[in-house]
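None of the values given here were measured: they were computed from a predicted structure. Letters go in sequence order (proteins before strands), and every chain restarts at 1.
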Amino acid sequence: MPSADSSDEPASFFLTTPIYYVNDAPHIGHAYTTVAGDVLTRWHRQRGERVHFLTGTDEHGTKVERTAQAAGVSPQEWCDRLVEDSWKPVLRTVDAANDDFIRTTEPRHEKGVQRFWEVLREAGHCYASTYEGPYCVGCEEFKLPGDLLEGGLCPVHGTPVEMLSEENWFFRLSAFSEALLAHYEANPTAVQPESAYNEVVSFIKQGLQDISMSRSSVAWGVPLPWDASQVVYVWFDALLNYATAVGFGTDDERFAQTWPADVHLVGKDILRFHAIYWPAMLLAAGLPLPRQVFAHGWLLVGGEKMSKTKLTGIAPSAIVDHFGSDAFRYYFLRAIPFGSDGSFSWEDMSARYKSELADQFGNLASRLTSMVERYRDGVLPAPVPNEQLSAALQQAASDADTAIDVLDLQSAINAAMGFVRTVNNYVTETEPWKLAKDEARAGDLDAVLYCTAESLRAAAVLLNPVIPKACSVLWSSLGAEAQLGPISEQRVDQVARWGQLPAGARVTKSDPLFPRLDELSDAGGRETAPGG
RNA sequence: GGGGAGGUAGCUCAGCCGGUCAGAGCAGCGGACUCAUAAUCCGUCGGUCGUGGGUUCGAGCCCCACCCUCCCCA
């Protein structure tokens, strides 16, 4: 994305996760999206761009209302509790540095939602009509055809649903088929990966139907400004968070500066809402469309999609408590091509932790820092050039940066880790421990130690978006902090400039970056066993 | 019911428009080395490419049928 801007203003990058349904129990699927967004935004920050990373919670709807009632509290109290006790802690668990957290029950959101639909209604994009659909009396709500069990039974009650109708307001979605198609034909990367793009385009080609955007049977929601008997249907409320969070309806100037989003990260299950309904809403309002909707795959456990009901939902903390947040972040992005489904297993997680994080990366840091301490009293020798390592670094940095542009997080990580491999190889081949035994070769030893340290400096910068805690420790351990400033301010577009670590930097051996862990107890155990 | 994705070494996966395409990483095995978190480096074993047909001089790669998994729509 070359920004043709000639100004000195740093590019801005606005990225979102979906807002998570507050009533769900947070599992690793939610954390996966959040982590991917966090890594992307950290990378963009290290490009020197102004970044805005948004996440939040979706809090309206009958289900919330009902569970709150069952718990004997108001829906608002119920949401407050879930947000504070369940959702915000997940961000800390996975070490996510979001810039904002929007809740759909906040005034800034509700105001924006009302403003938005008011605009659409005035522009003639809404009309009253009758909605008819399968309705479960037990749930007191309409179901989507896809929600029903075999034979048209309610998935909650297992009882037959009835066809019921109510007066609703409709959004003229059908009016935007052409415009959406034209947009996607002109912007083939606006929905990624390609399979998602194809799905969206063929769905639009089937013809879009107007869609009910309000509900009269629900109380916990944003009231329509012109019809207080109805609330905005939860999706048409939730999607607007991306706009209301950056000022739509409350701070027009800020909104104009920030919108549109560069990337909406979504799970493939909610692709249609983001790639069809949402852009159509924006077209209706005359607003710019998001530059890209990226649909990532499912996390599978034991070959099955995770779900709360099947007990396959794993809490992020279950993994982080054992492996740490860095390993969590690393594993899911490294092991699974972003955009594809991927399987999680404790075995694979353990194997990658050990082989890649501990043995390849962590151990390289140990090798270098021990040798500098042992052979040079912890004082880094003077910079010397190194063709081979410079070239490898240049390539890795460029490959990683290119990969990030297309959200290929796996390749970005592989590029950095490939460089780590090169450096391990370099150390083995140059045999500094032998040089150390020969006074006459002190200069050669200096060179090897410097080149290895300088390579680690670069590796730390490149991996910092993914494993920030470990890289920060390494950064200090290399004595880089004092000379070069905080690692988070190191630019990825400058990382390949050789010779940044200065002579005399204080190198100290730290605790292992990724210590060996105890074997996980009982084979295949833990709470991951697909519980019968 | 319609549409789509996928089934390739023990594991996770690459294989673009058919002709060194039978590959990588991990695991396993053997060797080198000792700075290091028993780490590193090198070498190596390993697959009738879901099943059955077909097209072709030649097919994981094309066609048909079937089996299995998953997704979307109805």
Side-chain angles (χ1 to χ4, degrees), chain A residues 133-134 144-148 150 152 191 193-209 267-273 275-276 295-307 331-332 334-337 339-376 408 410-411 413-414 417-418 420-437 445 448-449 452-453 456 470 473-474 477 507 509-518 524:
Chain A
L144 297 173
D147 289 341
L148 300 179
E150 293 290 320
V191 177
E194 202 181 321
S195 54
Y197 174 86
N198 292 336
E199 201 173 300
V200 166
V201 168
S202 61
F203 186 85
I204 299 172
K205 281 183 176 164
Q206 287 170 29
L208 300 177
Q209 315 252 311
K268 62 184 184 182
D269 52 329
I270 53 175
L271 175 63
R272 216 172 66 231
F273 297 99
I276 295 174
H296 69 248
W298 298 121
L299 257 34
L300 309 175
V301 176
E304 283 188 49
K305 182 191 161 192
M306 283 191 309
S307 76
Y331 175 77
F332 288 103
R334 163 66 183 84
I336 302 166
S340 304
D341 290 352
S343 317
F344 167 84
S345 73
W346 290 95
E347 291 76 13
D348 191 40
M349 171 107 209
S350 286
R352 286 192 193 276
Y353 176 92
K354 180 177 183 306
S355 140
E356 299 177 23
L357 290 175
D359 296 351
Q360 287 178 276
F361 182 60
N363 183 54
L364 176 60
S366 288
R367 302 177 84 182
L368 179 271
T369 52
S370 312
M371 288 193 284
V372 176
E373 281 197 342
R374 184 193 288 214
Y375 303 142
R376 292 295 179 263
D408 184 354
Q410 185 186 47
S411 294
I413 293 173
N414 285 348
M417 289 303 284
V420 168
R421 193 182 278 266
T422 299
V423 180
N424 263 318
N425 206 340
Y426 167 79
V427 174
T428 301
E429 282 175 357
T430 52
E431 301 182 310
W433 49 92
K434 285 190 180 166
L435 301 176
K437 289 174 182 154
L445 176 58
V448 170
L449 294 178
T452 306
L456 271 169
V473 171
L474 174 56
S477 173
V507 176
K509 182 157 180 153
S510 66
D511 289 338
L513 264 26
F514 295 95
R516 289 181 68 76
L517 299 173
D518 294 336

Pick the [atom1] atom in [N] and in [M], then give their distance to the nearest Å.
N: G19(B); M: C63(B); atom1: P; answer: 15 Å
N: A65(B); M: A5(B); atom1: P; answer: 15 Å
N: G60(B); M: A9(B); atom1: P; answer: 15 Å
N: G15(B); M: G25(B); atom1: C1'; answer: 15 Å
N: C45(B); M: G50(B); atom1: P; answer: 23 Å
N: G47(B); M: C42(B); atom1: C1'; answer: 24 Å
N: G52(B); M: G7(B); atom1: C1'; answer: 16 Å
N: G6(B); M: C64(B); atom1: P; answer: 15 Å

Rounding to a whole Å, what distance do you find between [X]:[atom1] and [N]:[atom2]?
X: M349(A); N: A27(B); atom1: CE; atom2: C1'; result: 18 Å
X: Y331(A); N: U12(B); atom1: OH; atom2: P; result: 10 Å
X: R334(A); N: C13(B); atom1: CZ; atom2: P; result: 12 Å
X: F344(A); N: C11(B); atom1: CZ; atom2: C1'; result: 15 Å
X: M417(A); N: C26(B); atom1: CE; atom2: P; result: 11 Å
X: K268(A); N: C72(B); atom1: NZ; atom2: C1'; result: 10 Å
X: D341(A); N: C13(B); atom1: CG; atom2: C1'; result: 14 Å
X: R352(A); N: U12(B); atom1: CZ; atom2: P; result: 11 Å

When you measure from the side chain of E373(A) to the backbone of K509(A), do you find a donor-acceptor pair of N or O atoms at a distance under 3.5 Å?
yes
Ignoring hydrogens and angles, tell me if any N or O in the side chain of D341(A) forms a donor-acceptor pair with the backbone of W298(A) under 3.5 Å.
yes
Stems where RNA chain B pairs, listed by first number, each of three or more Watson-Crick or G-U pairs under 3.5 Å:
B:1-7 with B:67-73, B:10-13 with B:23-26, B:28-32 with B:40-44, B:50-54 with B:62-66
Residues forming a side chain to side chain donor-acceptor pair (under 3.5 Å) with [X], sequence neighbours excluded:
X: E431(A); answer: K434(A)
X: R376(A); answer: D446(A)
X: N198(A); answer: none

State, yes or no, whether a side-chain contact exists between [X] and [Y] at a heavy-atom distance under 4.5 Å.
X: V372(A); Y: T452(A); result: no
X: L368(A); Y: V427(A); result: no
X: L435(A); Y: M371(A); result: no

Just by protein heavy atoms under 4.0 Å, how would nucleotides 29-42 of chain B read 5' to 3' in B, S and -?
----SSBBB-SSSS
Of K354(A), R516(A), R352(A), the one forming a salt bridge (Lys or Arg N to Asp or Glu O under 4.0 Å) with D359(A) is K354(A)
Residues which pass ring pair (Phe, Tyr, Trp, His ring centres under 6.0 Å) with Y353(A), listed by chain and number, not counting sequence neighbours:
F323(A), F514(A)
Check the chi torsion on G30(B) and let me know: syn if it falls within 90° of 0, anti if not.
anti
